[in-house]
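Reviewing the structure listed below.
In this text, all values refer to a predicted model and were calculated from it rather than measured experimentally. The first residue in the sequence is number 1, and the count goes up from there.
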Amino acid sequence: MVWAQLAGDLLGVFFFAVSGSLLAAQRQFDIVGSLLLGTCVGLGGGILRDVILDVGVPRAFDSPVYLLPPVLAAVVVYFFARVVHRFHDLLITFDAAGMALFAVTGTLVSLAAGMNPAASAILGLVTAVGGGVIRDVVANDVPQIFRARGLYAIPALLGAGLTSLLSWAGWFNLGTGAAIAVLVFVLRMVSLRYRWQAPPAGGNRAA
């Protein structure tokens, strides 16, 4: 199960890093900017989680293998970005995939660190959305989590909550974990397709 969690974590880093490199290509950053932005989004959420958990050196720095996905993402985007015309759609897709995986793996890491199920779900949410927020802020863009179109934090929190609940009940395994990640990804993409929105902070009061 440990190897599966590591594989999911690295895949999530890669997906998020691709979204960062795609945004860098869209903004016409150079290859160094692409690598840095991809690294920020790929590792940012996990670093925030590990700092909160106070587990010592974040695993992104303690395990050099975590640095490989951002490098690979920057190389892939460098060679294929010129033939990709729909940067925004691809960015959203890779961002959703990374968020879905991190909602699961971030929660599992928190549970393994001894956090209670509720706190683990919250840290799973932090892991899932933290990198994306860092990416958009660094690129001077409106973070996805604050955009009106589509649901962002809600699918991530749902995935983290289900992971925590099933782990607490002893029902979590590779199959259920994959199903949760797919559910989060599909919910995010469907919400974008049909422009679902969370209720506005000010309610439905007339101006």
Side-chain angles (χ1 to χ4, degrees), residues 5-51 58-106 109 124-147 149-153 155-156 159 181-182 184-189 191-193:
Q5 182 178 328
L6 176 61
D9 223 16
L10 293 176
L11 195 58
V13 172
F14 175 74
F15 285 150
F16 261 143
V18 169
S19 76
S21 292
L22 284 171
L23 182 56
Q26 188 180 40
R27 295 298 180 86
Q28 297 183 335
F29 292 0
D30 61 22
I31 186 64
V32 176
S34 173
L35 177 59
L36 290 178
L37 193 58
T39 301
C40 283
V41 61
L43 303 180
I47 292 173
L48 288 175
R49 177 202 62 221
D50 292 345
V51 168
R59 62 178 56 199
F61 299 132
D62 190 49
S63 302
V65 68
Y66 278 88
L67 300 177
L68 294 178
V71 173
L72 179 59
V75 171
V76 169
V77 171
Y78 176 79
F79 283 107
F80 292 98
R82 292 187 179 182
V83 299
V84 175
H85 301 290
R86 302 180 68 184
F87 284 111
H88 184 71
D89 290 343
L90 274 181
L91 192 157
I92 292 295
T93 301
F94 277 98
D95 180 78
M99 181 188 70
L101 287 170
F102 274 1
V104 175
T105 61
V109 169
L125 171 65
V126 170
T127 309
V129 305
V133 172
I134 293 173
R135 175 200 62 220
D136 295 336
V137 169
V138 170
N140 196 28
D141 202 1
V142 178
Q144 295 287 335
I145 194 172
F146 298 133
R147 297 186 184 185
R149 179 191 172 196
L151 304 177
Y152 196 76
V182 170
V184 173
F185 176 79
V186 170
L187 181 56
R188 167 64 174 157
M189 298 305 291
S191 74
L192 287 168
R193 173 66 178 80

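Counting heavy atoms from C-beta on, the side chains of Val129 and Phe102 never come closer than 4.5 Å. Counting heavy atoms from C-beta on, the side chains of Val13 and Leu101 never come closer than 4.5 Å. Contact check for Asp141 versus Arg27: side-chain heavy atoms found under the 4.5 Å cut-off. A heavy-atom distance below 4.5 Å is found between the side chains of Ile145 and Val133. Looking at Gln5 and Val104, their side chains never come closer than 4.5 Å, going by heavy atoms from C-beta outward.
For the residue pair Leu37 and Gly20, the shortest heavy atom distance occurs at CD2-O, 3.2 Å. Summarising the geometry of Gly150 relative to Arg188, their closest heavy-atom pair is C-NH1, 4.0 Å, with the distance given to 0.1 Å.
With Phe61 as the fixed residue, the side chain to side chain contact (heavy atoms under 4.5 Å, CB included) test singles out one of Pro64, Pro58, Ser63: Pro58.
Atom-to-atom distance recorded for Asp50:CG and Asp62:CG is 9.5 Å, nearest 0.5 angstrom. Interatomic distance, Phe16 CZ to Leu91 CG, rounded to the nearest 0.5 Å: 10.0 Å. Note that CG of Leu192 and OH of Tyr152 are 10.0 Å apart. Values are rounded to the nearest 0.5 Å. Summarising the geometry, atom CG belonging to Leu36 is positioned 10.0 Å from atom CD1 belonging to Ile31; distances are rounded to the nearest 0.5 Å. Within the model, atoms OG1 of Thr93 and CZ of Phe15 stand 10.5 Å from one another, a figure rounded to the nearest 0.5 Å. Note that the CG atom of Leu23 and the CZ atom of Phe29 stand 6.5 Å from one another [nearest 0.5 Å].
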Starting from the C-alpha separation in whole Å, work towards a yes-or-no answer on side-chain contact (heavy atoms from CB on, under 4.5 Å) for Val41 and Ile134.
CA-CA 6 Å; Val41 61; Ile134 293 173; over 6 Å; no
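With Arg135 contributing its side chain and Ser19 its backbone, the two residues share no donor-acceptor pair below 3.5 Å. Of the possible polar contacts, none joining the Asp95 side chain to the Gly132 backbone as a donor-acceptor pair under 3.5 Å is found. No donor-acceptor pair under 3.5 Å is formed between the side chain of Asp9 and the backbone N or O of Thr105. Thr127 contributes no side-chain N or O that, together with a main-chain N or O of Gly106, makes up a donor-acceptor pair within less than 3.5 Å. The closest donor-acceptor contact from the side chain of Arg147 to the backbone of Val142 lies under 3.5 Å.
The environment of Asp30 atom CG is dense: over 12 non-hydrogen atoms of other residues, nucleotides or ligands sit within 6.0 angstrom.
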